[in-house]
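These notes concern the structure reproduced below.
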Amino acid sequence: MKYCPDCGTALTSKVDGIDGETPYCPHCQKFVYPTFNSAISTIILNSKKDHILLIEQYGRPANILVAGYVMKGEDDITTLVREVKEEVDLDVYGYYYNDNSYFKKTNTLIHNYISVVKEDDVHITDEVDAYQWMTFDEALAKIKPHSLAEHFLQEAIKKFPTLLKTEPETDLSARIWG
């Protein structure tokens, strides 16, 4: 970042306590910290927790996970519930935090969750081209290769081998199950 996002003045560098040298706007007289987008993605499990929902979007024939940006005023869980409802018209009743990764292309930190839905009856919206419920093995074979979706799915299977044998927390304020 070379210029102040508020006034456009060229940034200088100034020491800010334990943060050390930090971009500083001499006009606004404030430190300017780097910003990035925040998003969620989710590995959606059916109510029996034996199938994963993969989707295709934007005319691309690649199997991916439901995902979306965290909007101003939202936390990750609000976004998780909203995105699942908006894209596939399903209600999340339990979830578990899985992993996160920075996606340089869009300057986005993506938080990945494993979520369980109440019903398996998907109603895709105009945001989704196609969907398919798959077993874990099928999903691993068909998910977009070398993608964050593939990475998140592999991490979930590696980190939570007994995941399918546990019951999710039904109170969304609890934030996890296990």
Side-chain angles (χ1 to χ4, degrees), residues 36-103 105-144 147-178:
F36 59 88
N37 300 311
S38 185
I40 64 91
S41 74
T42 184
I43 299 163
I44 299 175
L45 301 177
N46 66 346
S47 58
K48 294 179 185 176
K49 295 185 284 172
D50 60 357
H51 284 79
I52 297 169
L53 183 68
L54 295 182
I55 64 170
E56 293 179 13
Q57 282 184 306
Y58 313 121
R60 298 180 189 130
N63 289 296
I64 59 173
L65 303 172
V66 167
Y69 285 99
V70 177
M71 305 306 280
K72 185 176 181 176
E74 287 185 334
D75 60 27
D76 282 1
I77 303 309
T78 302
T79 303
L80 169 70
V81 171
R82 177 181 54 76
E83 285 294 336
V84 172
K85 188 68 170 176
E86 282 179 4
E87 293 190 12
V88 291
D89 196 26
L90 294 172
D91 295 314
V92 172
Y93 80 90
Y95 57 91
Y96 196 94
Y97 189 82
N98 179 37
D99 199 7
N100 67 75
S101 187
Y102 177 74
F103 188 56
K105 183 178 177 181
T106 60
N107 189 36
T108 304
L109 179 61
I110 301 175
H111 299 278
N112 180 255
Y113 290 84
I114 301 164
S115 58
V116 179
V117 294
K118 292 179 181 180
E119 300 173 4
D120 305 345
D121 190 18
V122 175
H123 299 99
I124 59 172
T125 65
D126 59 356
E127 293 186 35
V128 176
D129 299 331
Y131 74 93
Q132 186 175 358
W133 286 105
M134 300 181 192
T135 66
F136 279 81
D137 289 338
E138 290 170 335
L140 281 170
K142 293 184 177 183
I143 202 160
K144 182 179 179 182
S147 65
L148 281 180
E150 179 185 52
H151 164 77
F152 289 143
L153 182 56
Q154 290 171 342
E155 284 300 302
I157 291 169
K158 180 172 62 176
K159 288 197 282 192
F160 305 108
T162 60
L163 178 67
L164 298 180
K165 297 178 184 173
T166 63
E167 282 301 313
E169 178 60 52
T170 57
D171 176 7
L172 289 178
S173 65
R175 305 261 173 190
I176 62 170
W177 88 75

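Numbers here are sequence positions counted from 1.
- Between Val84 and Tyr113 the shortest side-chain heavy-atom distance does not fall below 4.5 Å.
- For the pair Gln132/Lys142, a side-chain contact is recorded, criterion being any heavy-atom separation below 4.5 Å from C-beta on.
- Using modelled atom types, no side-chain atom of Thr42 and backbone atom of Val66 make a donor-acceptor pair closer than 3.5 Å.
- Around atom NZ of Lys85, more than 12 heavy atoms belonging to other residues, nucleotides or ligands sit under 6.0 Å away.
- Side-chain N or O atoms of Asn63 include none that pairs as donor or acceptor with a backbone N or O of Leu54 at under 3.5 Å.
- In terms of the salt bridge (charged side-chain N to carboxylate O under 4.0 Å, His left out) criterion, Asp137 has no residue partners (sequence neighbours excluded).
- There is no side-chain donor-acceptor pair under 3.5 Å between Asp120 and His51.
- Atom CG in Leu65 sits 7.0 Å away from atom CG in Leu153 (nearest 0.5 Å).
- Shown here for Ile40 and Glu83, the closest heavy-atom pair between the two residues is CD1-CB, 4.3 Å.
- Between Leu140 and Ile143, the shortest heavy-atom contact is O-CG2, 4.0 Å.
- By the 4.0 Å N-to-carboxylate-O rule, Glu86 lies close enough to Arg82 to be salt-bridged with it.
- Counting heavy atoms from C-beta outward, Trp133 and Leu53 have side chains that approach closer than 4.5 Å.
- In terms of modelled atom types and a separation under 3.5 Å, the side chain of Asp129 and the main chain of Gly59 share a donor-acceptor contact.
- Remark: Phe36 engages Asn107, Leu109 in a side chain to side chain contact (heavy atoms under 4.5 Å, CB included) (not counting sequence neighbours).
- Closest non-hydrogen pair, Glu87 versus Gln57, comes out as OE1-NE2, 3.4 Å.
- You'll find the side chain of Asp76 reaches within 4.5 Å of the side chain of Ser38, heavy atoms only.
- Checking Asp75 against Thr78 by side-chain atom types alone, a donor-acceptor pair falls below 3.5 Å.
- A donor-acceptor pair is defined here as one N or O able to donate and one able to accept, closer than 3.5 Å; no such pair exists between the side chain of Glu119 and the backbone of Asp91.
- Scanning for salt bridge (charged side-chain N to carboxylate O under 4.0 Å, His left out) contacts around Lys144 gives an empty result, with sequence neighbours left out.
- In this structure, Ile124 CD1 and Ile55 CD1 are separated by 9.5 Å, a value rounded to the nearest 0.5 Å.
- Here Lys159 contributes atom NZ and Asn98 contributes atom CG; the two are 4.5 Å apart, rounded to the nearest 0.5 Å.
- How far CG of Asn46 is from CG of Leu90: 10.0 Å, rounded to the nearest 0.5 Å.
- Atom OH of residue Tyr96 and atom CG of residue Leu45 lie 13.5 Å apart, to the nearest 0.5 angstrom.
- Thr108 places no side-chain N or O within 3.5 Å of a backbone atom of Ile110 that could act as its donor or acceptor partner.
- Taking the side chain as every heavy atom from C-beta outward, Asp121 and Asp89 never approach each other to under 4.5 Å.
- Taking CD1 of Ile77 as the reference point, atom OH of Tyr97 lies at 10.0 Å (rounded to 0.5 Å).
- Using a 4.5 Å heavy-atom threshold, the side chains of His111 and Thr79 count as separate.
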